[in-house]
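Worth saying up front: this structure is predicted, and the values here are computed from it rather than measured.
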Amino acid sequence: PLQQLGTYGRVCKRWRGVATDPSWKPEVLVYAWGEADVTGIAVACPKPTLLEFSLARSIVQIVCADAATFALTDAGQVWYWGRSWLHRLEPSCEEPTLLPELQDVVSVAVSPAGYFHGRMQREGYLCAALTRKGGLYTWGFNPLGQLLHPEREVLRPKLAPPLWRRDESDTCDRVLHVAVGLDYMALCVQRHVDEAGAPRDDAPQLAAPAPPRATTTAVFTSGAFCGIGVPGNRYLFEWEELAGVPLRQLVAGSFHCCALTTRGELYTFGDEAGQDRSNGNLLGHGHPAGQDRAVPFRRLGGPWEYAKAPRRVQLEGFGPVAEVACSTYSTVAITVDGRVFTWGDADGDALGHDVYPCHRPAWLRSLRWHRVAHGSAAYTNAAVATDCGRVFVWGGNYWEGGIAEGRDSEGPTEVKWGGVPSCYRCSSVALAHRHGFLVFRKEP
């Protein structure tokens with residue numbers, strides 16, 4: 001019925017009213033486009049096409065790996081389709097498949113889709129999920145123990161041990177955000193503040209209930225950003241620069257990480273060039289030669305790996321950031337006023353502008369007449385959407401191409417499609433090498 005709304009509206013005034021009435025329409029709609037084995041529809045979609053699965057299951061989040069998709073429903077279930085997290089477990093599945101080990105989940109993260117030398121030799125990718133109570137489940141390829149499990153391959157979703165706890169008896173510590181890169185995992189954890197002057201055990205206790213304990217946050221990483229890791233070494237490194245900083249997003253590129261605060265301040269850390277040496281600074285802090293010496297990041301029992309400590313991305317006119325997305329060698333930031341900034345490696349017109357090399361965020365002036373709400377990046381491709389559903393893509397002009405290839409343009413171009421009913425607003429965009437998704441939520 002949703003595909004024929006235009007036809008209904010032309011029948012008569014009564015049917016026109018039915019077509020525009022939002023009350024009978026589902027809360028969430030998801031549209032997919034791309035190749036048949038990864039769209040979840042089992043057919044190739046050259047332009048955004050309604051994902052029928054989203055009519056039966058209300059989807060609140062979609063994340064993409066290179067050739068796989070994970071969908072989180074409002075019931076807390078996780079479904080996936082495409083290539084398995086361990087490539088030896090092929091064949092892949094074209095239809096959505098439930099992961100029964102995961103219940104009451106609130107967010108999912110997977111290794112970002114992106115190009116790098118040696119990609120075809122990888123044995124799998126990383127996956128993580130957070131439950132409503134702050135539990136962390138991880139699974140997938142685990143060569144460095146970054147998933148906090150001892151085995152090299154975690155076959156199915158498995159509850160991770162709480163190595164971030166300072167005290168095993170304090171069970172109130174919970175994970176708020178998780179992100180996974182190529183060989184590392186990042187966590188933002190809520191923990192209780194140690195209060196000075198706490199009563200001794202032998203002090204008289206009042207009958208009144210104790211007030212809620214104050215909380216703070218801490219950010220940890222495990223594994224390696226871009227170095228030689230130690231197989232099976234489960235170790236968490238705490239970044240003191242982000243201690244107590246409330247975060248809205250924690251987003252992973254393959255070799256760098258972004259932490260977006262609730263005030264719209266963006267911090268980046270990790271490796272500034274990546275495995276193949278990006279022609280632009282992945283962290284967005286300017287030319288690497290002018291930066292401070294790298295901060296040592298050491299894992300227990302292993303060699304030193306040098307990574308840049310968290311530092312705020314600052315640029316005149318940048319403004320508060322509403323959303324950030326990463327690929328292997330590029331980052332997209334959308335400000336609260338709807339502007340789009342990108343930086344990193346410019347191969348294949350991946351950044352959507354002509355700034356080269358791009359060591360700091362650069363504004364996509366070609367989109368200045370549009371108020372962009374959400375975006376995503378993968379390989380040398382990127383896509384953004386306005387809240388009313390207009391979609392623009394760029395890149396794909398080099399290396400292995402991608403979903404944006406074949407356009408006669410070096411900058412953003414609009415994807416022509418039928419759009420969605422006027423009562424919906426775009427709530428997220430997810431992009432991989434050759435497939436992508438748009439999620440729309442009905443307005444109250």
Side-chain angles (χ1 to χ4, degrees), residues 63-70 78 80-93 97 99-102 105 108-131 135-165 175 178-187 189 220-238 250 252-257 270-271 274-276 297-307 328 432:
V63 294
C64 296
D66 269 335
T69 303
F70 291 77
V78 178
Y80 91 99
W81 55 92
R83 196 173 190 184
S84 169
W85 46 89
L86 294 174
H87 296 168
R88 67 179 181 81
L89 298 182
E90 301 290 2
S92 60
C93 57
T97 303
L99 294 176
E101 299 90 345
L102 298 175
V105 172
V108 181
V110 297
S111 296
Y115 176 84
F116 60 93
H117 288 101
R119 178 178 63 89
M120 300 306 294
Q121 284 71 49
R122 293 286 294 186
E123 299 176 38
Y125 55 91
L126 284 61
C127 309
L130 293 182
T131 68
L136 172 66
Y137 284 79
T138 57
W139 67 102
F141 188 47
N142 186 39
L144 305 181
Q146 62 267 49
L147 298 178
L148 306 186
H149 297 298
E151 54 266 47
R152 178 181 172 83
E153 295 181 341
V154 184
L155 301 181
R156 303 292 299 180
K158 185 177 177 183
L159 186 64
L163 302 184
W164 52 86
R165 288 182 184 165
V175 181
V178 61
V180 289
L182 185 65
D183 282 320
Y184 77 90
M185 179 170 65
L187 302 174
V189 176
F220 301 86
T221 54
S222 61
F225 283 107
C226 188
I228 301 174
V230 180
N233 187 16
R234 299 179 297 159
Y235 175 66
L236 284 173
F237 183 89
E238 182 174 355
L250 191 62
S254 289
F255 311 107
H256 70 294
C257 193
D271 195 89
Q275 183 174 300
D276 300 325
F297 166 32
R298 187 168 77 174
R299 296 174 305 278
L300 292 179
W304 288 78
E305 176 192 329
Y306 292 87
T328 302

Could you pull out the closest heavy-atom pair between [X] and [Y], with the gap in Å?
| X | Y | answer |
| --- | --- | --- |
| Leu250 | Cys257 | CD1-SG, 3.9 Å |
| Ala128 | Val178 | CB-CG2, 3.8 Å |
| Gln146 | Gly223 | CB-CA, 3.8 Å |
| Gly253 | Pro112 | C-CG, 3.6 Å |
| Ala432 | Cys64 | CB-CB, 3.7 Å |

Inset, instruction - Would you check, one step at a time, whether the test side chain to side chain contact (heavy atoms under 4.5 Å, CB included) holds for Trp85 with Val110? - result: CA-CA 9 Å; Trp85 46 89; Val110 297; over 6 Å; no

Give, for atom [atom1] of [X] and atom [atom2] of [Y], the distance between the pair rounded to the nearest 0.5 Å.
| X | Y | atom1 | atom2 | result |
| --- | --- | --- | --- | --- |
| Leu130 | Leu102 | CG | CG | 10.5 Å |
| Leu182 | His256 | CG | NE2 | 12.5 Å |
| Glu153 | Glu123 | CD | CD | 6.0 Å |
| Tyr184 | Leu144 | OH | CG | 13.5 Å |
| Phe255 | Asp271 | CZ | CG | 8.0 Å |
| Cys127 | Met185 | SG | CE | 11.5 Å |

Inset, instruction - Return each pair, listed once, that meets salt bridge (charged side-chain N to carboxylate O under 4.0 Å, His left out) where at least one residue sits in residues 139-151; pairs must be two or more places apart or across chains. - result: Glu151-Lys158

Does [Y] offer a backbone N or O that forms a donor-acceptor pair with the side chain of [X] under 3.5 Å?
| X | Y | answer |
| --- | --- | --- |
| Tyr125 | His87 | no |
| Trp139 | Leu147 | no |
| Ser111 | Gly181 | yes |

Inset, instruction - Kindly indicate whether the side chain of Leu86, heavy atoms from C-beta on, has any atom under 4.5 Å from the side chain of Phe141. - result: yes

Legend entry - Heavy-atom side-chain contact between Val78 and Glu101 under 4.5 Å: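 Val78 does not reach Glu101 side chain to side chain.
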
Inset, instruction - Identify, with sequence neighbours excluded, every residue that meets ring-ring contact (aromatic ring centres under 6.0 Å, His included) alongside Phe70. - result: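 Phe70 satisfies ring-ring contact (aromatic ring centres under 6.0 Å, His included) with Tyr80 once adjacent residues are dropped.
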
Legend entry - side chain to side chain contact (heavy atoms under 4.5 Å, CB included) partners for Ala160, two or more places apart: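 Result, side chain to side chain contact (heavy atoms under 4.5 Å, CB included) vs Ala160: Leu136, Thr138, Leu148, His149.
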
